[in-house]
Structures are given as C-alpha cells and as structure tokens.
There are 2 protein chains.
Amino acid sequence: MARRGDVLELAVLGLLQDSPMHGYELRKRLNAMLGSFRAFSYGTLYPCLKMLLEKGWIRESDGERAKERPAHALSGRRGRIVYQLTAEGKERFASLLAGSGSAAWEDEQFDVHFAFFSRTDAQTRLKILEGRRTRMQERLEKAHEAAHRTRERRDRYTLELQRHAEESMEREVRWLDDLIDSERRRADEPRSGSRRTRPSESTREGDS
Amino acid sequence: MARRGDVLELAVLGLLQDSPMHGYELRKRLNAMLGSFRAFSYGTLYPCLKMLLEKGWIRESDGERAKERPAHALSGRRGRIVYQLTAEGKERFASLLAGSGSAAWEDEQFDVHFAFFSRTDAQTRLKILEGRRTRMQERLEKAHEAAHRTRERRDRYTLELQRHAEESMEREVRWLDDLIDSERRRADEPRSGSRRTRPSESTREGDS
DNA sequence: GTTAGCATGTAAGGAGTTACATGATTTT
DNA sequence: AAAATCATGTAACTCCTTACATGCTAAC
C-alpha cells in the first residue's frame, strides 16, 4: 500500500540494487537520476537510511567499502558507511515495484517508478503508463473545461498561462501514447515464444 | 524580501483586487487560476486570511456581501465572511509585485507572478521573464551535462526520462523567448504620450 | 426531515529543507 | 597549516494536507 513517503525508499532500494554505496554517493546518484524534478537533502536521506536499517532492508557492509572506485583513495576514508541490500530488502523492492497501485502514477511517484522500469515487469509497466495517461487526460479535460468556464474575466496573461499549461499536458499525453505504443510492440514480438508472464528477468539491459 | 510562503498571500491579495470575496469562493478562484500547477486547501487558506486580517491588509466587509451573485441566494447565507482589501493591502500587493527579487522566477512563485502580469509594470515583467529564462537555461545545461557524464550505466528508460525532461525545459525556454520578444515589441510601440524610462534593453541590472 | 452542498475553522501530522555540529582526508 | 571536499548526522522549522468539528441553507 505505497504511502507517499515511499518515494525515497524506493529510490534508495533501487540504487542499492546496482551496487553497495554510502549515503553521500547515494545522494549524488539520486539527484543525478531525478535531478530535473526533485533533489533530496541529507536531512531527508540519512533518516531514511536509518529507517531502512531498522526495518532490516539494508545493512552496513564494512568489508565492501567502495571496491571499484576508479582513481583516488582506495584507502577507505573514515566515516563512509557503505550500505548494501539484504535479502529482505530485495524482496521489499520487488514488492514495491510489482504492487504499485494507483499511487504509482501520481506526480510524486511516477518518475521514480519510471526510472526503474528496467526492473519492472512488462505488465506493470503498461499498467503504470496507462494509469498515468488516464490521469493526465483527466487533468487536461478538467483544465480545459475550467478554462472555458472562466474565459471571460481573463486577461492575456492568465490566458497564455492556461494555454501553455494545456499544451504541456497534451505533450505529456502524446509522450505517454508513444511509450505505451512502444511497450505494446515490444510485448507483441518477444525474443521467443514466451507468452505472457515473464516477470523477473527478460527485460534486463546490460549494466553494472 | 519575499519569503517562500508569500505565494498564497500574493494570490489572495491579487484576487481581492478584483472584488471582495469570501474564503470559499476565493479558494475556488485560486484553484481555477493555478489549478494546473497547485491547489490549496482550506487548512492553508483560512489561516492565511486570518494572518492577512491581523496585518491589516484585508478587512471584513459585512455590508458588501456578494452583491453581484447572479442567480441564486441573494439572501445572504449565514457564515460568509466577505473580505476586501484595505488601503495598506493595496500597497502591500503593489510592493510585492514591484519588489519581486530573484524569488519571483523560482518555481514556487513564477506562475503566480505571471498570473498577475496585467497589474505588473512592463519593466518588472521583463525582469521576471528574463530571470526565469536564465534560470531555465541554467537548469537545462546542468541537466544536459549531468546526462552526458552518466550516459553509461543508463538503461533506455532513464535515458528516455532524461530526454523528455530536457525537451520540456527547451520548450519552456522557447516559450519564454516568445514572451520576452512580445514584451519588447509592446514596449517599443507604446500608445504615445507616456515618457518615463525606456525598458528596451538596459533593464538587466536590478536584482535585489 | 434528511441529505447534499456551502462555509468556516482547527489539530495533527507528513515530507522535506535549512542550518547547524562534527570530523576525516586531500589539496594547495 | 589552511582551505576545500568528503562524509555523517540532528534539531528546528516551513509549508502544506488530511481529518475532524461545526453548523447553515437548499433541495428532494
């Protein structure tokens, strides 16, 4: 039952899936990944890590410390607490992805969910994209209607603002249409005979 | 020095400029005007009205009550506390508009400021639009650079997300360009008479 | 006469930021 | 040795929402 605050949790769990990391770097990746939409501060991240520890979804991996750091300082600077997923953490992540209800296509969560689509099964991807599309369409219609209702008593600037907002929404709907299309096409030509449910792997691209 | 929370204040003061209103209706107009971006709840609005009262920027106008309601219920339903601007409120609104520093083109305030452009002088309009443009351009470049830095280890979905975000920002920049253009054209053909400062190009200094 | 919508208000809390406090390591 | 950067963490605060409490008026 994804609450609102699960955004960070999902993102952290997702990033740790790739490789163990300490908070500071986690934050950098987080903000590189979602930077255009949102940015989290340490005041948000560290308490979240603490909570994930308590829940048993991540643990400190003292032996692991930054193995693959390329050039500088293999020496292991002091503080660095490297976290890694536990088995329960992996389960938790999977269930957050799969069990995403309607919250997954709301503004606060859609981008994060989308960012982890590579680890999401095709069915869920489609469900989220379609949910989002419907949501955007609704919003667009509501806005359009409201704009029509109040088109008197509006000056050129509020009209322009309205117009621009509607255009943005239309653009987003078209974007989602393309994505949905592309998802369906991929689903129709799988790389072999597998009909339906191939939830776990089949979509992994090469990384990490 | 416009704080963050001045958004609602500005909006309420601006709406009351048109005509006295009670809270319930104020909220409807507010959300019709800004609906696409944000929506305020009563839990936000009423405390704000209380504060504006205390500051002396609005006052209850008991005689005024909904004079021009078109069809239903001129009878004056119970609660309805109609507010109107005081002289200080008008001043306050004017100074919020004119004195808008860099905060005016940040995400939280830009749309509200834009919505009241009809009541804003040409110089300030241009300043805000240009500030916003610069801000968006910066953000776009930062995102583009970050995208380039991390283009390895990115799957098709995060790439797509990135691409879409960049496109949205480019679109916004173009939109602002058009608006700035149109503002300049309007400034170059004033409807005669009015002397005062020529806001054509040299307006780039005044940041508070 | 009860339901639906209008209208005002408050208390609790969620989600995040800023500013602070602390200290190690690297670079200059 | 100073400055910059890396790194962790907390406390206070902001801003807003949700849920509740209250009661009028209109309509069925």
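We name chains A, B, ... by the order of the sequence lines, and we start the count at 1 in each one.
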Tell me: [atom1] of [X] to [atom2] of [N], nearest whole Å?
{"X": "B:N31", "N": "C:dA7", "atom1": "CG", "atom2": "P", "result": "15 Å"}
{"X": "A:D6", "N": "C:dA15", "atom1": "CG", "atom2": "C1'", "result": "12 Å"}
{"X": "A:R38", "N": "C:dG16", "atom1": "CZ", "atom2": "P", "result": "7 Å"}
{"X": "A:I81", "N": "C:dA24", "atom1": "CD1", "atom2": "P", "result": "14 Å"}
{"X": "A:M51", "N": "D:dG9", "atom1": "CE", "atom2": "C1'", "result": "16 Å"}
{"X": "A:H22", "N": "D:dG9", "atom1": "NE2", "atom2": "C1'", "result": "14 Å"}
{"X": "A:D107", "N": "D:dC16", "atom1": "CG", "atom2": "C1'", "result": "15 Å"}
{"X": "A:E108", "N": "D:dT17", "atom1": "CD", "atom2": "C1'", "result": "11 Å"}

Which of these nucleotides, [options], is closest to any side-chain atom of [X]?
{"X": "A:R80", "options": "D:dA7, D:dT8, C:dA7", "value": "D:dA7"}
{"X": "A:Y83", "options": "D:dT8, C:dC6, D:dG9", "value": "D:dG9"}
{"X": "A:Y24", "options": "C:dC6, C:dT18, D:dC6", "value": "D:dC6"}
{"X": "B:Y46", "options": "C:dT8, D:dG9, D:dT18", "value": "C:dT8"}

Looking at [X], does any N or O in its side chain come under 4.0 Å of the phosphate oxygens OP1/OP2 on [N]?
{"X": "B:K28", "N": "C:dC6", "answer": "no"}
{"X": "A:K50", "N": "D:dT8", "answer": "no"}
{"X": "A:T44", "N": "C:dT17", "answer": "yes"}
{"X": "A:Y42", "N": "D:dG9", "answer": "no"}

>> Show every ring-ring contact (aromatic ring centres under 6.0 Å, His included) that has at least one partner inside residues 83-102 of chain B, sequence neighbours left out.
In response: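 Non-adjacent pairs meeting ring-ring contact (aromatic ring centres under 6.0 Å, His included): B:F93-B:F116.
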
Any donor and acceptor pair, going by atom type alone, linking the side chain of [X] with main-chain N or O of [Y] inside 3.5 Å?
{"X": "A:T150", "Y": "A:A146", "value": "yes"}
{"X": "A:R92", "Y": "A:W57", "value": "no"}
{"X": "A:R59", "Y": "A:T86", "value": "no"}

> Under 4.0 angstrom, heavy atoms only, what part of the nucleic acid is A:G43 near: base, sugar-phosphate, or nothing?
Replying inline: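 Contact class for A:G43: base.
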
> Residues two or more places apart in sequence or in another chain: which of them pass side chain to side chain contact (heavy atoms under 4.5 Å, CB included) with B:T158?
Replying inline: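 Checked B:T158 against side chain to side chain contact (heavy atoms under 4.5 Å, CB included); matches are A:M33, A:A115, B:R154, B:D155.
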
